[in-house]
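To start, the structure under review is shown below, and the notes come after it.
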Amino acid sequence: MSGVRLCALDDLDENDSAAFSADIEGVNTALMVIRQLENVYAYVNSCPHIGTPLDFMPGQFLTLEKDLILCSTHGALFRIEDGECVHGPCIGKHLKPLACSVHDGDVWLD
Ligand code: FES
């Protein structure tokens, strides 16, 4: 298996998020992973508005309803599935996606 192992899938609750950092193309990069049941999504932890990290508390990226990603700086909201901003100052822009997948119960950056 090539890529970077981030965690076990069961380390994430079924509708939750976590913060990681990984070496991507030689650069130490902060990222977020969102789990929705058996699906995982990963994005660079940088808001397309002004580039700040999104999480207010480390690893907490979701709204209370856990249906959207929330930027804690100015309240932008992003769809979990594709990272598109659907509300806020950067509407229509996207979080930078990172390919990730689940193999044998572990979450990997591909
Ligand atoms: S930095 Fe994210 S909404 Fe402004």
Side-chain angles (χ1 to χ4, degrees):
M1 179 78 217
S2 63
V4 178
R5 181 191 177 277
L6 296 176
C7 65
L9 182 63
D10 287 344
D11 290 341
L12 304 169
D13 288 340
E14 288 192 348
N15 288 295
D16 211 352
S17 62
F20 296 92
S21 63
D23 191 42
I24 298 175
E25 296 173 357
V27 178
N28 188 35
T29 303
L31 57 117
M32 69 183 85
V33 173
I34 316 297
R35 177 179 178 187
Q36 287 196 310
L37 302 176
E38 300 309 308
N39 296 317
V40 289
Y41 305 88
Y43 297 99
V44 174
N45 185 8
S46 176
C47 182
H49 183 211
I50 58 171
T52 59
L54 283 84
D55 44 341
F56 176 66
M57 299 282 287
Q60 294 188 12
F61 293 95
L62 300 179
T63 59
L64 281 178
E65 297 77 16
K66 299 189 183 289
D67 57 348
L68 292 162
I69 298 167
L70 168 68
C71 178
S72 61
T73 305
H74 304 112
L77 296 170
F78 302 85
R79 279 198 300 258
I80 293 171
E81 314 84 71
D82 62 5
E84 180 173 341
C85 179
V86 294
H87 175 84
C90 46
I91 194 161
K93 294 189 176 175
H94 289 79
L95 299 170
K96 183 170 186 219
L98 299 166
C100 72
S101 54
V102 178
H103 295 284
D104 295 331
D106 290 328
V107 180
W108 292 79
L109 277 187
D110 298 331

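Not measured: the values here are computed from a predicted model. Side chains included, hydrogens not; waters and symmetry mates left out as well; all remaining heavy atoms used.
In this structure, Ala8 and Val107 approach most closely via the heavy-atom pair C-CG2, 4.4 Å. Minimum interatomic distance between Asp10 and Arg35 (heavy atoms only, all atoms of both residues): OD1-NH1, 3.9 Å. Heavy-atom minimum distance, Leu12 versus Ala18: CD2-CB, 3.4 Å. Between Val4 and Ala22, the shortest heavy-atom contact is CG1-CB, 4.4 Å.
For the atom pair Leu37 CG and Asp13 CG, the distance stands at 11.5 Å (nearest 0.5 Å). Between Leu9 atom CG and Asp104 atom CG the span is 11.5 Å, to the nearest 0.5 Å. To the nearest 0.5 Å, the span separating OG on Ser101 from CG on Asn39 amounts to 11.5 Å. The line from CD of Gln36 to OG of Ser17 is 11.0 Å long, rounded to the nearest 0.5 Å.
Within a 6.0 Å radius of NE2 in His94, other residues, nucleotides and ligands contribute more than 12 heavy atoms.
Contacts classified as salt bridge (charged side-chain N to carboxylate O under 4.0 Å, His left out) and involving residues 72-87 (residues at least two apart or in different chains) are given here: Arg79-Asp82, Arg79-Glu84. Identified under the salt bridge (charged side-chain N to carboxylate O under 4.0 Å, His left out) test for residues 49-71, with sequence neighbours left out: Asp16-Lys66.
With hydrogens and angles disregarded, a donor-acceptor distance shorter than 3.5 Å links the side chain of Thr29 to the backbone of Val27.
Taking a 4.5 Å side-chain heavy-atom cut-off between Ile, Leu, Val, Met, Phe, Trp and Tyr, the cluster of Leu95 extends to Met32, Ile34, Tyr41, Tyr43, Leu54, Phe61, Leu62, Ile69, Phe78, Ile80.
With sequence neighbours excluded, the residues that form a side chain to side chain contact (heavy atoms under 4.5 Å, CB included) with Ser46 are Val44. With sequence neighbours excluded, the residues forming a salt bridge (charged side-chain N to carboxylate O under 4.0 Å, His left out) with Arg5 are Asp106, listed by chain and number. With sequence neighbours left out, the side chain to side chain contact (heavy atoms under 4.5 Å, CB included) criterion links His74 to His49, Ile50, Pro89.
For the pair Cys85 and Pro48, the minimum side-chain heavy-atom distance is 4.5 Å or more.
Grouping the Ile, Leu, Val, Met, Phe, Trp and Tyr side chains by contacts below 4.5 angstrom, directly or via other members, places Val102 with Leu6.
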